[in-house]
There are 2 protein chains.
Amino acid sequence: PKSANSTTKPLPKPPADHRILGAQQELFTTSKYSPGSAIFLPNGTKIFNRLTNYLRSQYEHFGFQEVITPTIYKKSLWEKSGHWENYAEDMYSVTGRGAMGKKVDRQVGEDEEYGLKPMNCPGHCLIFASKKRSYKDLPIRFADFSPLHRNELTGALSGLTRGRRFHQDDGHIFCRPSQIREEISKSLQFVRQTYSVFGLGPYRLVLSTRPSVSYIGTIEEWDNAEAALKESLDASGQAWTLNEGDGAFYGPKIDIILKDSDGKEHQTATIQLDFQLPKRFELEYQAPAPELEQKGLSTENVDLSIEGPVTPVLIHRAVLGSVERIMALLIERYDGWWPFWLNPQQVIIVTLNDREEVVAWAKAIKRDLLMARDDTPVPEAIRNFGGVTGLSIDIDDSAQPLKKKLYDAKRKRYGVVIVVGNKDVQEKKMSVDFTGLSSGNYDFTRNVDLLKAAKILSRQD
Amino acid sequence: PKSANSTTKPLPKPPADHRILGAQQELFTTSKYSPGSAIFLPNGTKIFNRLTNYLRSQYEHFGFQEVITPTIYKKSLWEKSGHWENYAEDMYSVTGRGAMGKKVDRQVGEDEEYGLKPMNCPGHCLIFASKKRSYKDLPIRFADFSPLHRNELTGALSGLTRGRRFHQDDGHIFCRPSQIREEISKSLQFVRQTYSVFGLGPYRLVLSTRPSVSYIGTIEEWDNAEAALKESLDASGQAWTLNEGDGAFYGPKIDIILKDSDGKEHQTATIQLDFQLPKRFELEYQAPAPELEQKGLSTENVDLSIEGPVTPVLIHRAVLGSVERIMALLIERYDGWWPFWLNPQQVIIVTLNDREEVVAWAKAIKRDLLMARDDTPVPEAIRNFGGVTGLSIDIDDSAQPLKKKLYDAKRKRYGVVIVVGNKDVQEKKMSVDFTGLSSGNYDFTRNVDLLKAAKILSRQD
Ligand SMILES: [Zn+2]
Ligand SMILES: [Zn+2]
């Protein structure tokens, strides 16, 4: 064993553990009644919603269309997709409890077995198939934040990193074979931009290619797809490695791999090509020169007057991957010191005392910052901005001494502390302390400008 | 039979049907693989998200804290809550498919039966019970948008108004007996404000009181609660009617009832007192003079030094009720002519032609309106506002004649039509047509002011 150093050194701080921080900051909890399903407490729910809303804001830009799809589908759908057979161990079966023959007026078919969805892909294939599609409509990109269920063994469960219920920022791109390259490039850009905004990384990019045996599709299809993936990876300017032969039987894929605070690696984002599912669901779109189109080849100098059916390429992609797992990584990354935009405790208004008019003034400030008004129609600005100002604002109007209240506010790591006292009531003022904002990562003046423009902060002028 | 009128009159327009409009506007669809579970298409999802985001923006104001709770809970929880026995016909049972004894290494307990949740209340009781609570913490108000499942008979299913899977803007208030009146008043105010913003109503308010037989709790508790409900109803200034003896066995309630376009009545919002569930879950908070506190009586002139456990009152409340059902009513109410803030097709940018620089300029305008930038970090303003500008923006850069493109934009009922041509590219300009906005219900200039303040529309100056 190493000899102990005789000078007293502070012990190295242990790496952050998202389960401990999650309990300290009251982000999430669990229950013996639903092991593996995180229960997000109010603070955790705020972060969860900010992450998914950030993705939503980018969807409009990256051309994704969000959809909301069922939680349970009949067994026959999962047989069609192949999950009922190949994914049996991980799936939950669902049956109506009233279908046990107790009631004479029970209708036929009520007792068919359902599967609780472990993935969104079959549902998105149903939406694609619900309408006639032309090559002009492609790419079509669906996004979905549905909760998913996979029956992990009890021993495999671990906080937010591996659960039985989780949410993906799931997306499926239905595109023409000739569009694979651009879609992969855009997906890599989406990942790069998001991880930069979140302060996550560096991450590893890994390409997995065609297994030597048991794969579906032709070698030509695989070669084209792998070439497209490689070109997109090269064009990204980021380093990547090859896992030769490690692709799924239905297509090659790119995985994004991040380290947590312990150095343990987690797969987060993924981009997977799939030649199988579109065939199982008999998906098609109409295009000129369908044979060339199917191979992704140029249709110059070809008779374009005759259109025919072509099978679209399906790309499964997730930027965050599991929202729960990314939250775990972010909790450890920030070690409890959230940047303002993710901080569940953004603003606190502290009153000098609990006098009625001071508390009323604190409440009026909160109402204005939220752009809400009592019992009058809500200002258009809120509705038009999707109904969210995004600010979380608490009030501490307890009778405790100001010093104690300010100490608590700092301990709870509020980003902005507003103090109001007796004089502020008359003068319609407040004191604002921005020192809790990590410098550099938040331009609060911009928000204040916006709020002033909306005549929200006019009382402060 | 009536004699036919000899002058030719236009046939009266049939009342709007949300199922027909829903298909025309591509809001939602259904699948034989999941009967009774609406599949929200991109347009319907936008409206769904705007409705729930509007509620969220008000939660911060009305003191609700959103939580995210599991989809499945073990049978033992539903036995505790009473649902397993009393709600059996409507519930789905869930079991792991890998738990059929196929694998030797399967862990004990993996095959316990779960129930797919029909309501959120038991989950919220678990959260309340997860921490020691004081009278100073109350009221505690949890909100939840989880999908819920109830096994309705096939014959009872009807579009969005009655399904097997639906979402509630569900909320549970845990309060002191003395706080019932104020909480009911605030809930009624929340309903009033929301329905006014949505343009829904007039609605009927109905109070249902203690059944003459089989109820739980004391007559004193019921009398106090009913008096609180009546006072809140009177204070609301709205007319209400009494359904004597029609309350649930666990408490009195107020239902809000709206008519659809056919004149058929639908229950939407609800406010229900519950004396039972807090007892079943053994919920408690600490308060001085617990016996007086439990009765909601004043604790003046009493020894307050000794605290003891008190059972909180539980109020189940939903403002929209089923989000799906409210969407059906809104679809019929607006008959396809959405106000701008709910319109899934808000802005379209139409190009004069498909020249590369014109299309690029159209895309740049879209990017600026969305506050998005390619491959540069996203501006703080987006993140700080929850990542949403709330605008839906499409581009029509097809090669069709401008006249045809403008005709299509009007037919699809876009609120704002932006046209860009060759000259606009050089001059960094655009033409904006606001005539699609229903006058009076949208103050677009306010949005433009906000965007200008954020230096988003500076190119137009
Ligand atoms: Zn997928
Ligand atoms: Zn409830």
Side-chain angles (χ1 to χ4, degrees), chain A residues 29 31 33-34 37 39-40 42 45 48 53-54 57 60-61 65-74 77 88-89 91-98 107 126 130 147 151 153-154 165 189 196-197 341 370 372 375 377-378 380-388 390 443 446-447 449-450 453-454, chain B residues 29 31 33-34 37 39-40 42 45 48 53-54 57 60-61 65-74 77 88-89 91-98 107 116 126 130 147 151 153-154 165 196-197 341 370 372 375 377-378 380-388 390 443 446-447 449-450 453-454:
Chain A
T29 184
S31 163
Y33 293 112
S34 196
S37 290
I39 298 177
F40 287 103
T45 303
F48 186 100
N53 275 339
Y54 174 78
S57 73
E60 187 75 19
H61 178 55
Q65 300 184 298
E66 189 182 344
V67 293
I68 298 173
T69 55
T71 305
I72 61 175
Y73 293 99
K74 288 187 174 173
L77 180 84
E89 289 290 312
M91 277 186 72
Y92 289 96
S93 158
V94 179
T95 47
R97 289 192 61 223
Q107 288 159 321
L126 291 179
S130 70
N151 195 7
L153 291 177
T154 304
R165 178 190 198 253
Q189 186 195 329
S196 140
V197 165
W341 76 286
L370 291 174
D375 239 350
V378 175
E380 303 285 339
I382 308 183
R383 291 198 262 152
N384 300 330
F385 276 91
V388 218
D443 180 3
R446 186 149 196 176
N447 244 359
D449 282 349
L450 275 169
Chain B
T29 185
S31 162
Y33 293 112
S34 196
S37 290
I39 298 176
F40 286 103
T45 302
F48 186 100
N53 275 339
Y54 173 79
S57 74
E60 187 75 20
H61 178 56
Q65 300 184 298
E66 190 182 342
V67 293
I68 298 174
T69 55
T71 306
I72 62 175
Y73 293 99
K74 287 188 175 171
L77 180 84
E89 290 290 313
M91 277 187 72
Y92 289 96
S93 159
V94 178
T95 46
R97 288 191 62 223
Q107 287 159 321
L116 191 55
L126 292 180
S130 71
N151 195 7
L153 292 177
T154 304
R165 177 190 197 254
S196 140
V197 165
W341 76 287
L370 291 174
D375 238 351
V378 175
E380 303 285 339
I382 308 181
R383 291 197 263 152
N384 301 329
F385 276 91
V388 217
D443 180 3
R446 185 150 195 176
N447 246 357
D449 282 349
L450 277 169

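Put simply, of A:P147, A:S37, A:P70, A:S34, the one with the most heavy-atom pairs under 4.5 Å next to chain B is A:P70.
For the atom pair CZ (B:R165) and OH (B:Y92), the distance works out to 11.5 Å, reported to the nearest 0.5 Å.
Nearest heavy atoms, B:L116 versus A:V94: CD2-CG1, 4.1 Å.
In this structure, chain A has a heavy atom under 4.5 Å from the side chain of B:L126, while its backbone stays farther away. B:T71 touches chain A through backbone and side chain together, each having a heavy atom under 4.5 Å away.
Contacts of A:T69 classified as side-chain contact (heavy atoms from CB on, under 4.5 Å), with partners at least two apart in sequence or in another chain: A:V67, A:Y73, A:K117, A:N120, A:H124, A:I127, A:D144, A:S146, B:I39. In this structure, A:Q65 has no side chain to side chain donor-acceptor pair (under 3.5 Å) partners at least two apart in sequence or on a different chain.
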